[in-house]
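See structure below.
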Protein chains: 2
Amino acid sequence: MRAESTFLAAYDPAGYPPVAVTVDIVVLTIRDGALHVLLVERAEHPYRGRSALPGGFVRDETLAEAARRELAEETGLCPGEAALARVHLEQLRTYGDPGRDPRMRVMSVAYLGFAPSLPDPRAGGDAATAGWVPVDEARELAFDHDTVLADGLERARAKLEYTPLGTAFLGAEFTIGELRAVYAAVWGEQLHAGNFHRKVLSVPGFVESTGGTTSRGGERGGPRARLYRAGDAALLHPALLRPTREEQVR
Amino acid sequence: MRAESTFLAAYDPAGYPPVAVTVDIVVLTIRDGALHVLLVERAEHPYRGRSALPGGFVRDETLAEAARRELAEETGLCPGEAALARVHLEQLRTYGDPGRDPRMRVMSVAYLGFAPSLPDPRAGGDAATAGWVPVDEARELAFDHDTVLADGLERARAKLEYTPLGTAFLGAEFTIGELRAVYAAVWGEQLHAGNFHRKVLSVPGFVESTGGTTSRGGERGGPRARLYRAGDAALLHPALLRPTREEQVR
DNA sequence: CTAATAGTGTCTGTAAGACACTATGAG
DNA sequence: CTCATAGTGTCTTACAGACACTATTAG
């Protein structure tokens, strides 16, 4: 019976090989219309010099707290900073295969984050070599982080379909055009401006009007756009489905 | 920089408080038209005598292997058995808040399983007190297992919408009516037989005909039903959405 | 026979996508 | 002026759900 071995092991942790628990975070943001991910460069072996997802050991805190603390450290943002609080963080998945870290058994609880535009992270914290990298260029990462990033990207693409979390990439006020740029960057496809506009406004609770408009038109002309903020919906109904992919069958 | 502390900790695990890693599994099945979950009774403190999700410590194996091994042990099915291989298992989420186990820091990687009808688990294994319990009656579980079960149920309900995994609750061959009963049990709602039938057949790759029919009609009459097996679709397109809930806004 | 179920036909409302069109404002 | 963008109108097609109906078989 499980309970028995649980009891024994609890008082004899040395009876099991040691396990370390870390959090690694896939933080995404939009820069220059392209999806970027926060990466750090490893200074020590293994994988010295390779890029990796930021992360670290879990202390006496919840997993979510550990993820947010790591995010603050790696971005150099102060824990009290408003920009940090606006980052959406959710648990992605846990990676714990033996051998994924050559030193010992390491369980990594991965978190996925959606961040509005943040400054370059060089300023503070202990992330001497952290930086935002376009996701297309984030390859050959340390450990199994290629897989973690791929899982995070797929989750992010799916989340935009049925939740309003696309707004987490933007400031408190935004235009429909900016929101469309988020979808285009995450999905990697252009979206029809007119249809997207009507669809977003037709989903109850997705966005609500602030009443204001941008102070001037777009860079290359056009009328001023109305401003919106995130609505109170937790889920989008109906959902904004990605342009049909036929690859659902294998 | 993270890499540095990672390096140090890796060679001094004693420098961190010990952490135990377990897998807990939420295995669901349909019995008598109702959704059931596999529970065990705890023989030792803490939570002695309370029901709990089956689970145990992770050994030198992948997390998925640990989950399948625990499932085999708790159900008393032999590892090579066909019924066991047909159980769909996927990672659900990791629970690791300090204090969730009063003895020490325990990270529990929860898995979610969809099982066809299995025999009562008393026969073998070390699960002396394991059994299938209707999910409505599974309350006040040990540790944070109420939350884990709730998360598993919500994931299961969502999975039936956009994946063909409802077929994992059935045998190799099944009727559309049996598949509808699965959806009704998991979603807790009656579904219109005619519309469900047409919809299932209209989704490419959801089910494929075997050409056969049941040997006799239903218990209370009716024609023989055609038999189907699971198709090759990994995702349902279009999805089978749950009857509209208005609670998506909060 | 009756009752229950399998499976089909048909209609209606909603939504997605294509496309056209007007209005606005930067350069 | 030119041109890009914001935002709206409209048409077609697809699908969800309601409902009606026929066919089949247990009891």
Side-chain angles (χ1 to χ4, degrees), chain A residues 33 160-162 170 173-184 187 189-204 206-228 235-246 248, chain B residues 33 160-162 170 173-184 187 189-204 206-228 235-246 248:
Chain A
L160 258 59
E161 289 191 306
Y162 57 93
L170 300 170
E173 299 194 348
F174 51 84
T175 68
I176 303 290
E178 286 166 347
L179 185 58
R180 178 165 46 83
V182 168
Y183 275 81
W187 285 350
E189 321 196 38
Q190 287 309 305
L191 298 172
H192 187 284
N195 289 340
F196 183 86
H197 192 103
R198 179 160 12 93
K199 180 112 180 75
V200 166
L201 295 185
S202 76
V203 177
F206 191 1
V207 299
E208 57 186 34
S209 175
T210 68
T213 67
T214 53
S215 58
R216 40 164 297 153
E219 297 178 1
R220 283 161 295 189
R224 296 173 186 173
R226 292 175 210 155
L227 288 170
Y228 297 86
L235 292 174
L236 302 184
H237 187 81
L240 276 87
L241 299 179
R242 276 175 271 186
T244 320
R245 327 136 259 171
E246 297 301 331
Q248 67 254 1
Chain B
L160 257 58
E161 289 192 307
Y162 56 92
L170 300 170
E173 298 195 348
F174 51 85
T175 69
I176 303 291
E178 288 166 346
L179 185 58
R180 177 163 47 82
V182 168
Y183 275 81
W187 286 349
E189 322 195 38
Q190 287 309 306
L191 298 172
H192 187 285
N195 289 339
F196 182 86
H197 191 104
R198 179 159 12 91
K199 181 113 180 75
V200 166
L201 294 185
S202 76
V203 177
F206 191 178
V207 298
E208 57 186 33
S209 175
T210 68
T213 66
T214 53
S215 58
R216 40 165 295 156
E219 296 177 4
R220 282 161 295 192
R224 296 173 186 173
R226 292 175 209 156
L227 288 170
Y228 297 86
L235 291 174
L236 302 185
H237 187 80
L240 276 87
L241 299 179
R242 275 174 273 187
T244 322
R245 328 134 261 174
E246 297 301 331
Q248 65 255 2

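Proteins get letters first, then strands, A, B, ... in listed order; numbering begins at 1 in each.
The minimum heavy-atom distance between Arg180(B) and Leu191(B), with the atom names listed, is CD-O, 3.8 Å. Here the closest heavy-atom approach between residue Glu161(B) and residue Ala239(B) is recorded as O-CB, 3.3 Å. When all heavy atoms of Arg224(A) and Ser215(A) are compared, the pair lying nearest together is NE-O, 3.3 Å.
For the OP1/OP2 pair of dA16(D) and a distance below 4.0 Å, the side-chain nitrogens and oxygens of Lys199(B) include at least one atom meeting the criterion. One finds a side-chain N or O of Arg226(B) lying less than 4.0 angstrom from the OP1 or OP2 phosphate oxygen of dT8(C). OP1 or OP2 of dA6(D) has at least one side-chain nitrogen or oxygen of Arg180(A) nearer than 4.0 Å. Regarding contacts with the backbone of dA18(C), every side-chain N or O of His192(A) stays at 4.0 angstrom or more from both OP1 and OP2. When the side-chain nitrogen and oxygen atoms of His197(B) are compared with OP1 and OP2 of dG7(C), one or more of them lie within a distance under 4.0 Å.
Following rounding to the nearest Å, His237(A) (NE2) and dT14(C) (C1') show an atom-to-atom distance of 10 Å. Per the geometry, CD belonging to Gln190(B) stands 16 Å off C1' belonging to dG17(D), to the nearest Å. Between Leu241(B) atom CG and dA15(C) atom P the separation is 12 Å, expressed in whole Å. Going from atom CZ of Arg242(B) over to atom P of dC15(D) covers 21 Å, rounded to whole Å. Here the C1' atom of nucleotide dA6(C) and the CG atom of Leu179(B) are 14 Å apart, to the nearest Å. Look at CZ on Phe174(A): it is 14 Å from P on dA6(D), rounded to the nearest Å. Note: OH (Tyr162(B)) to C1' (dC15(D)) measures 21 Å, nearest angstrom. The CZ atom of Phe196(A) sits 15 Å away from the C1' atom of dT5(D) (whole-angstrom rounding).
With contacts defined as side-chain heavy-atom distances shorter than 4.5 Å, the pair Phe196(B)/Leu240(B) qualifies. A 4.5 Å side-chain heavy-atom check between Thr175(B) and Tyr228(B) finds every atom pair outside the cut-off.
Remark: Gln190(B) CD is loosely packed, at most 12 non-hydrogen atoms of other residues, nucleotides or ligands lying under 6.0 Å away.
Here Arg198(A) lies in heavy-atom contact (under 4.0 Å) with a base.
The only option from Thr214(A), Thr210(A), Val207(A), Leu227(A) that meets the side chain to side chain contact (heavy atoms under 4.5 Å, CB included) definition with Phe174(A) turns out to be Val207(A).
Distances were taken from every side-chain heavy atom of Asn195(B) (C-beta onward) to each of dA16(D), dG9(D), dG9(C); the shortest belongs to dG9(C). Nearest nucleotide to the Pro238(B) side chain, out of dC19(C), dA16(D), dG7(D): dA16(D).
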Atom pairs, protein N/O to nucleotides 25-27 of chain C N/O, distance under 3.5 Å:
unit_1	atom_1	unit_2	atom_2	d
dG25(C)	O4'	Gly222(A)	O	3.0
dG25(C)	N3	Gly222(A)	N	3.4
dA26(C)	O4'	Gly221(A)	N	3.4
dA26(C)	O3'	Arg216(A)	NH2	3.1

